[in-house]
Protein chains: 2
Amino acid sequence: MMLDSIDKQLLVLLQKDCKQTNKELSNKLNLSVTAIYERIKKLEKEGIINKYVALLKNEKIDKAFVAFCHIKLIQHSQEYVVKFEREVANLSEVLECYHISGDYDYLLKVIVKDMEAFREFMVNKLTNINHIGSTHSMFVISEVKHTTGINL
Amino acid sequence: MMLDSIDKQLLVLLQKDCKQTNKELSNKLNLSVTAIYERIKKLEKEGIINKYVALLKNEKIDKAFVAFCHIKLIQHSQEYVVKFEREVANLSEVLECYHISGDYDYLLKVIVKDMEAFREFMVNKLTNINHIGSTHSMFVISEVKHTTGINL
DNA sequence: TGTGAAAGTCATTTACA
DNA sequence: TGTAAATGACTTTCACA
């Protein structure tokens, strides 16, 4: 599907704040409320807009510790890979998991309360998953930039 | 501020879908619409809910290529660090940038159209920033898990 | 905090350029 | 695609347990 300039502007606005009313959006884009409404419905139906979510502030909910973990598997048989991916996806501390190129197989983003909680996560959860060869963790010292808004 | 069990359930629901009506939420949590309304306002005012956003599907907007870049600076003087962080935050391809512990100084999440666009990004944008010592890129082969919902 | 009901605003549908 | 107007649903405020 082709996005025109208005669709793109609409997506930019909705990626910043999806609680804006169609009236507000119609003012910003010089269109009628109904036109905005129909465009948004179309973008939702096409799956371009995946979902609408509330983003929380980590620190305010006692999840201020963020770490990235590199993981290497012992073997790369279909069976090991599938099992690992299923188990890691079930860990609530793991917000993101990517299969990546390079020295390691996976990159995980982990979010917990503090260093002690991270230690427990590593010892009791992550390294309990079978087939993990080695891990290498990096701790986030500061968040320079963190957005979900993709440029269009 | 202390979150009770209802606040936590509310945040779990809003992290999944923030477009649910207060009536729907009130049914799920067995509370009145007004009670839900007041609790949400409180969570917004406290800054626990940071914002409400639309999440898009990368692939559908021609941004299917995701890479993580490690970056090491030449020097770590206050001046270099501040400049680097400001410039990297201005790059629209960089969705996330973290100052991290370990062998490298920063970890970036970059999203572009394809490998060729990534090459251009590296050559024309990223490595044009001064003070970068070395970089190491990892390409995302597949996304095993990607959520913004923090467990409470 | 909680509630139900009133007031005002918004999303959604319809008829039509 | 677009618009304006009607309707029903929702958010928001209020008076009160």
Side-chain angles (χ1 to χ4, degrees), chain A residues 1-63 113 147-152, chain B residues 1-63 113 147-152:
Chain A
M1 182 216 172
M2 245 346 251
L3 298 173
D4 67 14
S5 155
I6 295 172
D7 287 326
K8 287 182 183 177
Q9 292 176 65
L10 196 46
L11 290 173
V12 167
L13 290 170
L14 291 174
Q15 284 187 106
K16 282 202 198 107
D17 175 11
C18 69
K19 283 279 175 107
Q20 295 173 84
T21 65
N22 291 345
K23 189 190 258 182
E24 290 173 302
L25 294 168
S26 72
N27 283 331
K28 289 180 185 168
L29 301 181
N30 293 317
L31 265 175
S32 72
V33 170
T34 311
I36 295 290
Y37 174 81
E38 294 293 351
R39 278 172 182 269
I40 293 176
K41 284 297 157 222
K42 187 192 63 186
L43 292 166
E44 291 170 352
K45 210 158 284 172
E46 298 272 350
I48 291 169
I49 295 176
N50 185 26
K51 52 182 178 172
Y52 299 99
V53 301
L55 298 180
L56 312 186
K57 268 236 169 61
N58 311 350
E59 319 93 48
K60 301 241 175 180
I61 50 169
D62 228 27
K63 303 279 182 182
K113 182 173 189 276
T147 178
T148 53
I150 304 171
N151 199 253
L152 291 159
Chain B
M1 182 219 173
M2 244 348 250
L3 298 174
D4 66 15
S5 153
I6 295 172
D7 287 326
K8 288 182 183 178
Q9 292 176 65
L10 197 46
L11 290 173
V12 167
L13 291 170
L14 292 173
Q15 284 188 108
K16 282 203 198 104
D17 175 10
C18 69
K19 284 277 175 106
Q20 295 173 86
T21 65
N22 291 345
K23 189 190 259 183
E24 290 173 304
L25 295 167
S26 72
N27 282 332
K28 290 179 185 168
L29 302 182
N30 292 318
L31 264 176
S32 71
V33 170
T34 311
I36 295 289
Y37 175 81
E38 295 293 350
R39 277 172 182 269
I40 293 176
K41 284 297 157 222
K42 185 192 67 189
L43 293 166
E44 291 170 353
K45 210 158 281 167
E46 298 270 351
I48 291 169
I49 294 176
N50 185 27
K51 53 182 176 171
Y52 299 99
V53 302
L55 299 181
L56 312 186
K57 268 237 168 62
N58 310 350
E59 319 94 48
K60 301 243 176 181
I61 51 170
D62 228 26
K63 303 278 182 184
K113 181 173 189 282
T147 179
T148 53
I150 304 170
N151 198 252
L152 290 160

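A note on names: the letters A, B, ... follow the listed sequences, proteins ahead of strands, and every chain is numbered from 1.
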Given DNA chain C, 5'-ward residue of the pair A/Lys23 and A/Thr34, judged by closest heavy atom: A/Lys23

Upstream residue (5' side of DNA chain C) when A/Glu38 and B/Ile6 are each assigned their closest nucleotide: B/Ile6

Short side-chain to backbone donor-acceptor contact, B/Glu24 and B/Thr21, under 3.5 Å: yes

B/Glu46 side chain to B/Leu43 backbone, donor-acceptor under 3.5 Å: no

For atom [atom1] of [X] and atom [atom2] of [N], their distance in whole Å:
X: B/Ile36; N: C/dG4; atom1: CD1; atom2: C1'; value: 15 Å
X: A/Ile40; N: C/dC10; atom1: CD1; atom2: P; value: 14 Å
X: A/Lys42; N: C/dT12; atom1: NZ; atom2: P; value: 16 Å
X: B/Asn22; N: C/dG2; atom1: CG; atom2: C1'; value: 15 Å
X: B/Leu31; N: C/dT3; atom1: CG; atom2: C1'; value: 10 Å
X: B/Tyr37; N: C/dA5; atom1: OH; atom2: P; value: 19 Å
X: A/Arg39; N: C/dA11; atom1: CZ; atom2: P; value: 17 Å
X: B/Leu3; N: C/dT1; atom1: CG; atom2: P; value: 12 Å

We want to know whether [X] and [Y] form a side-chain donor-acceptor pair, criterion being a heavy-atom distance below 3.5 angstrom.
X: B/Gln20; Y: A/Tyr52; answer: no
X: A/Lys57; Y: B/Asn50; answer: yes
X: B/Ser5; Y: B/Gln9; answer: yes

Exceeds 12 heavy-atom contacts within 6.0 angstrom, atom NZ of A/Lys113: no

Within 6.0 Å of NZ in A/Lys23, more than 12 heavy atoms from elsewhere: no

Side chain of A/Lys41 - closest among C/dG2, C/dT12, C/dC10: C/dT12

B/Asp7/B/Arg39 salt bridge by N-O under 4.0 Å criterion: yes

Residues A/Glu44, A/Lys41: salt bridge by 4.0 Å N-O rule: yes

Bending between helix ends of the helix from C/dT1-D/dA17 to C/dA17-D/dT1 [5 pairs per end, 10° resolution]: 30°

Interface limits on DNA chain D, where chain B has a heavy atom under 4.0 Å of a nucleotide atom: D/dC10 to D/dC14

